[in-house]
> 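Quick one: the structure is below, and I'll ask about it shortly.
All residue numbers refer to positions in the sequence shown, counting from 1.
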Amino acid sequence: MKKLNVTIKLELSVPDDWELVQTSEGGKVLKLPNNQYLDIAIEPLFASNPEETWTSSEDDDVLNDILDMVESEDVSYEFITH
């Protein structure tokens with residue numbers, strides 16, 4: 001089995017009322033004004049509590065709105081050998 005590093009760098013223009021908050025595991029997610037949280041590490045995931053289960057949106061308009069905020073994207077893939 002090989003190890004794969006995937007590095008994703010996104011630059012987004014987001015509303016001023018979005019905030020970064022830290023989870024109990026030390027990660028950071030975005031707090032949205034509608035009492036939801038957003039994690040976009042792999043795909044846009046939403047939760048009403050950052051310590052609970054994250055789900056993807058069933059609403060294509062919501063996903064499109066998030067993706068429209070992306071101004072640039074840089075993804076790199078690298079196999080790690082030990």
Side-chain angles (χ1 to χ4, degrees):
M1 181 78 71
K2 299 188 259 188
K3 298 283 183 183
L4 174 65
N5 271 359
V6 179
T7 303
I8 302 170
K9 182 178 178 181
L10 298 175
E11 185 174 304
L12 293 85
S13 292
V14 301
D16 290 333
D17 54 359
W18 286 22
E19 301 174 39
L20 280 175
V21 296
Q22 191 163 358
T23 67
S24 63
E25 295 176 350
K28 290 189 178 180
V29 296
L30 291 161
K31 182 178 182 196
L32 309 183
N34 58 353
N35 204 29
Q36 280 199 319
Y37 296 84
L38 171 62
D39 181 354
I40 55 174
I42 299 295
E43 66 174 294
L45 297 175
F46 298 87
S48 57
N49 180 333
E51 306 302 327
E52 299 294 329
T53 302
W54 293 83
T55 61
S56 60
S57 176
E58 299 293 324
D59 186 342
D60 287 342
D61 290 336
V62 170
L63 291 175
N64 287 333
D65 288 346
I66 298 295
L67 295 174
D68 284 346
M69 294 177 189
V70 175
E71 293 184 0
S72 68
E73 175 183 1
D74 181 20
V75 180
S76 64
Y77 299 87
E78 176 185 10
F79 284 114
I80 305 301
T81 56
H82 297 296

> Side chains of Leu38 and Trp18, heavy atoms from C-beta outward: is any pair under 4.5 Å?
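They are in side-chain contact.
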> Quick one: closest heavy-atom pair of Glu73 and Val75, and the distance?
OE2-CG2, 3.5 Å
> Which distance, rounded to the nearest 0.5 Å, do you find between the OG1 of Thr81 and the CD of Glu78?
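Reported value, rounded in 0.5 Å steps: 8.5 Å.
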> Once you round to the nearest 0.5 Å, how far does CD of Glu11 lie from OG of Ser72?
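These two atoms lie 4.5 Å from each other.
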> Evaluate Ser48 against Gln36 for side chain to side chain donor-acceptor pair (under 3.5 Å), listing each step before the verdict.
CA-CA 5 Å; Ser48 57; Gln36 280 199 319; over 6 Å; no
> In terms of hydrophobic clusters joined by side-chain contacts under 4.5 Å, are Leu45 and Val29 together?
yes
> Are any of the side-chain heavy atoms of Lys31 and Leu20 separated by less than 4.5 Å?
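Not in contact.
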> For Glu25, look at atom CD and say whether over 12 heavy atoms of other residues, nucleotides or ligands are found less than 6.0 Å away.
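Atom CD in Glu25 is not packed in, count stays at 12 or less.
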> Working to the nearest 0.5 Å, report the span between OH of Tyr37 and CG of Leu30.
11.0 Å
> Would you check, one step at a time, whether the test side chain to side chain contact (heavy atoms under 4.5 Å, CB included) holds for Asn5 with Tyr77?
CA-CA 6 Å; Asn5 271 359; Tyr77 299 87; over 6 Å; no
> Using the rule that two of Ile, Leu, Val, Met, Phe, Trp, Tyr join whenever any of their side-chain heavy atoms come within less than 4.5 Å, decide whether Leu10 and Val62 are in one cluster.
yes
> Cluster question for you: counting only ILVMFWY and a side-chain heavy-atom cut-off of under 4.5 Å, with indirect links fine, are Phe46 and Val21 together?
no
> NZ of Lys28 to CG of Asp39: how many Å apart, nearest 0.5 Å?
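So the gap between those two atoms works out to 13.5 Å.
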> Do Ile80 and Val6 land in one hydrophobic cluster if side-chain heavy atoms of ILVMFWY residues count as linked below 4.5 Å?
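They do not share one cluster, since no chain of ILVMFWY contacts under 4.5 Å joins Ile80 to Val6.
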> To the nearest 0.5 angstrom, please state how far the CE atom of Met69 sits from the CG atom of Asn64.
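One finds 11.5 Å between CE of Met69 and CG of Asn64.
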> Same cluster or not: Ile66 versus Ile8, using hydrophobic residues (I, L, V, M, F, W, Y) connected whenever any side-chain heavy atoms lie under 4.5 Å apart?
yes
